[in-house]
Structure formats: structure tokens, C-alpha cells
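Data block below; observations after.
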Amino acid sequence: MNGSAGVKLRIALVGLLMVGSAWVGAEGPVEVPAGTFVHPVLLDREVQTEWVDAFRVDPHPVNRAAYAEFVERYPQWRRSAVADLFHDGHYLRQWHSDLTPNGEGDEPVVQVPWFAARAYCEARGGALPTLVQWEYLVHLLRTNSNMSDQAYANAVFAWYGEQRSVHYEDPVHGLTGFIGPVNEWLEDYQLLLSNGEKIDLGGGSCGDTGRLMARYDSAHYATLLRYQSRSNYTPETTASNQGFRCAYPIEGNNP
């Protein structure tokens, strides 16, 4: 998060009272076990293996009913009240009113900027997942659902190329999403390269792309495509296919 985004967020959260009462529209989070995550994209010069502490996470993207409850509790985040500096002008644009979503209540909420998504998660006692947490969840989904590398790559290409999502569910943890029906905000959503090289993420050469891939296969290329797509966002982005979910700490683990 850059300095400007941090200042905006601190302003937005002034006076926001975090509450622990149940939210009617929100499904309870599930616990995800600790494990090892091997980064599929080279954010440094070497392949990185990282230990991920156990945490809890929403099993599905936040739905419209839950978000409507949030804006009812916190009127500063209603469409008519939110400050212009926190969105690009399309915040909840398709809703019928400040408190009435379009579509079905159990559909993922979209057109929510990073600032508002982060405020929602903090109000629930959590935070947006980190990139490592979120990609670790994708790894668990692929492993537990016996998804082949080619099936995974085909699903990712279909989603980012045609906005055609394929429903996969982690049978162990009940996790859904990740490859549609929405893209999801992360705490550290932008691809940050620490290898000191200047690489054009949007229109770079094949060599640029190759230097970021831990392995040269369709699954790793599909994952890199997802990483690259995040670099197109700003914290104010309110895309019609952009949603989010929240992660929550487990007592005794470092945040």
C-alpha cells in the first residue's frame, strides 16, 4: 500500500467503531490449516517457499446482503455519502438505493473499491487476505479438488479472457470462487517486484514474462496472468467484476 492510500484509509476509518456482533447476511468463516506455499511467480530472483500460519477466511466472496448490512451500520460507506477520493465514481452504481442492492442478496458484491472492502473486513474483525494467503487458498482448492494443471489453466484463461467462470469447491474446507465469479481484492494486491528489474507487466515481451515464471507451463502462465491483472487496479477501482472476501487471525498466531 502506498503512502497516499494509507493516508486515505486512516482518514476513512476515523471514528469507525468495530463491533463483534453477528452479521445476518454473512456466512461464518472457515479455518484454514497452516502449510507451506511455494510462490509460482518470481517476486524475487529465486523461487520462494513460505510458511503460512493457520487463519480463518470467508468461504465465499462477500455477498450483497452482507455488504448492505455493513453500509446500514456504517453510513459513511453508503453510496451517497462516501467521499469522492475513495472511489472512481462508480461505487455501487448498479444498486437501487443506498441500502438496496441490485440482483440477489447471495450474489457477490461488486463495484466496491479497495478502501471500502478493507473497511468492511476491519468492521468484521478481519482484514483483506494477503497475496500469499489468497494464493495459498488457490493451492488448497486445486489440491483438494484434484484439479489438474491443464484444467486449472483452462479455467483461468476462460475467466480472464471471456469472464466465464467455472465452479470449483474445496471439498475439505468448502471454499469457492477464486476463478470467478469475481476478481478479489487483496491487502497487497499489486505485483511488487524486488528483483530490481524493470518489466512491462501489461505489454512486456515474452522474455519479460518468462523471467517471472517459476516453471514454464500453462498453469504457471495462467497464474502469472492473474498476478499481472492486479497491477491494472488502483485503490479507487470499482469494477463490475471486482469483489472481495475477508481473512481473520487465529488467536496465538502473528497477524
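Predicted model, so just to flag it, every value in this text is computed and none were measured. This chain uses plain numbering: 1 for the first residue, then up along the sequence.
- Rounded to the nearest 0.5 angstrom, Phe157 CZ and Glu162 CD are separated by 12.0 Å.
- Side-chain atoms of Gln111 and Gln242, non-hydrogen and from C-beta on, never get closer than 4.5 Å to each other.
- Taking 4.5 Å as the limit, every side-chain heavy atom of Trp134 sits out of range of all side-chain heavy atoms of Val57.
- Judged by the 6.0 Å distance and 45° axis criteria, Arg142 is positioned over the aromatic ring of Tyr152.
- Here the closest heavy-atom approach between residue Ala68 and residue Val71 is recorded as O-CG2, 3.2 Å.
- Taking the six-membered ring where tryptophan is involved, the planes of Phe86 and Trp77 are tilted, since the angle between them lies from 30° to 60°.
- Val30 and Leu140 fall within the same hydrophobic cluster, where Ile, Leu, Val, Met, Phe, Trp and Tyr residues are linked whenever their side-chain heavy atoms come under 4.5 Å apart, directly or through other members.
- No side-chain N or O of Ser148 forms a donor-acceptor pair with one of Gln150 less than 3.5 Å apart.
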Check step by step if side chain to side chain contact (heavy atoms under 4.5 Å, CB included) holds for Thr49 and Thr36.
CA-CA 7 Å; Thr49 300; Thr36 300; 3.1 Å; yes

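- The distance from the OH atom of Tyr120 to the SG atom of Cys246 is 5.5 Å, given to the nearest 0.5 Å.
- Of all non-hydrogen atoms in Pro249 and Gly125, the two that sit nearest each other are CD-O, 4.0 Å.
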Determine, stepwise, if the pair His220 / Asp149 fulfils side chain to side chain contact (heavy atoms under 4.5 Å, CB included).
CA-CA 9 Å; His220 281 74; Asp149 286 352; over 6 Å; no

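- Considering CZ of Phe70 and SG of Cys121, their distance stands at 9.0 Å, rounded to 0.5 Å.
- Scanning all heavy atoms of the two residues, the minimum distance from Tyr160 to Ser229 falls at CE2-OG, 3.5 Å.
- Phe244 pairs in a side-chain contact (heavy atoms from CB on, under 4.5 Å) with only one of the listed residues (Val182, Val110, Val109), which is Val109.
- In this structure, Arg118 forms no cation-pi arrangement with Phe115, as its terminal cationic atom is not both closer than 6.0 Å to the ring centre and no more than 45° off the ring axis.
- Side-chain contact, Thr238 with His87: no donor N or O sits under 3.5 Å from an acceptor N or O.
- Within the 4.5 Å cutoff, the side chain of Glu184 has heavy atoms near those of the Pro61 side chain.
- In the hydrophobic cluster analysis, where Ile, Leu, Val, Met, Phe, Trp and Tyr join through side-chain heavy atoms closer than 4.5 angstrom, Leu224 is grouped together with Leu186.
- Applying the salt bridge (charged side-chain N to carboxylate O under 4.0 Å, His left out) definition to pairs two or more places apart or across chains, those involving residues 56-68 are Arg64-Glu107.
- Contact check for Phe55 versus Gln133: side-chain heavy atoms found under the 4.5 Å cut-off.
- Tyr136 and Phe37 have perpendicular rings, their planes meeting at more than 60° on a 0 to 90° scale where under 30° would count as parallel.
- The shortest non-hydrogen separation linking Ala155 to Tyr168 is CB-CE1, 4.0 Å.
- Atoms CG and CD, from Leu128 and Glu122 in turn, are 8.5 Å apart once rounded to the nearest 0.5 Å.
- Glu104 CD: 12 or fewer foreign heavy atoms inside a 6.0 Å radius.
- With hydrogens and angles left out, the side-chain atoms of Asn144 and Asp170 include a donor and acceptor closer than 3.5 Å.
- Between the Arg78 side chain and the Glu72 main chain, a donor and an acceptor come within less than 3.5 Å of each other.
- Classified by interplanar angle (parallel below 30°, tilted 30° to 60°, perpendicular above 60°), the ring pair Tyr189/Trp114 is tilted.
- In this structure, CD in Glu31 is found 14.0 Å from OH in Tyr248, a value given to the nearest 0.5 Å.
- In terms of heavy-atom proximity, Ala81 sits nearest to Pro75 at CB-O, 3.4 Å.
- Panel note: side chain Ser145, backbone Leu141; a donor-acceptor pair is recorded below 3.5 Å.
- With hydrogens and angles left out, the side-chain atoms of Asp98 and Ser80 include a donor and acceptor closer than 3.5 Å.
- Taking 4.0 Å as the cut-off between side-chain N and carboxylate O, Arg226 and Glu135 count as a salt-bridged pair.
- Contact between Ala54 and Ala34 at its shortest, heavy atoms only, is N-CB, 3.5 Å.
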Criterion side chain to side chain contact (heavy atoms under 4.5 Å, CB included) on Gln163 and Asn241, from CA distance to verdict:
CA-CA 9 Å; Gln163 294 293 282; Asn241 62 355; 2.8 Å; yes

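- At least one side-chain heavy atom of Leu175 sits less than 4.5 Å from a side-chain heavy atom of Leu137.
- Using modelled atom types, no side-chain atom of Gln48 and backbone atom of His39 make a donor-acceptor pair closer than 3.5 Å.
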Step by step, would you call Asn183 with Trp159 a side chain to side chain contact (heavy atoms under 4.5 Å, CB included)?
CA-CA 9 Å; Asn183 298 325; Trp159 170 244; 2.7 Å; yes

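- The aromatic rings of Trp95 and Tyr67 stand perpendicular to each other, their planes meeting at an angle above 60°, with 30° marking the opposite boundary.
- Val172 and Val32 fall into different hydrophobic clusters, defined by Ile, Leu, Val, Met, Phe, Trp and Tyr side-chain heavy atoms under 4.5 Å apart, directly or through other members.
- Atoms CZ and CG, on Arg245 and Asn63 in that order, are 12.0 Å from each other to the nearest 0.5 Å.
- Taking the six-membered ring for Trp, Trp185 and Tyr233 have ring centres closer than 6.0 Å.
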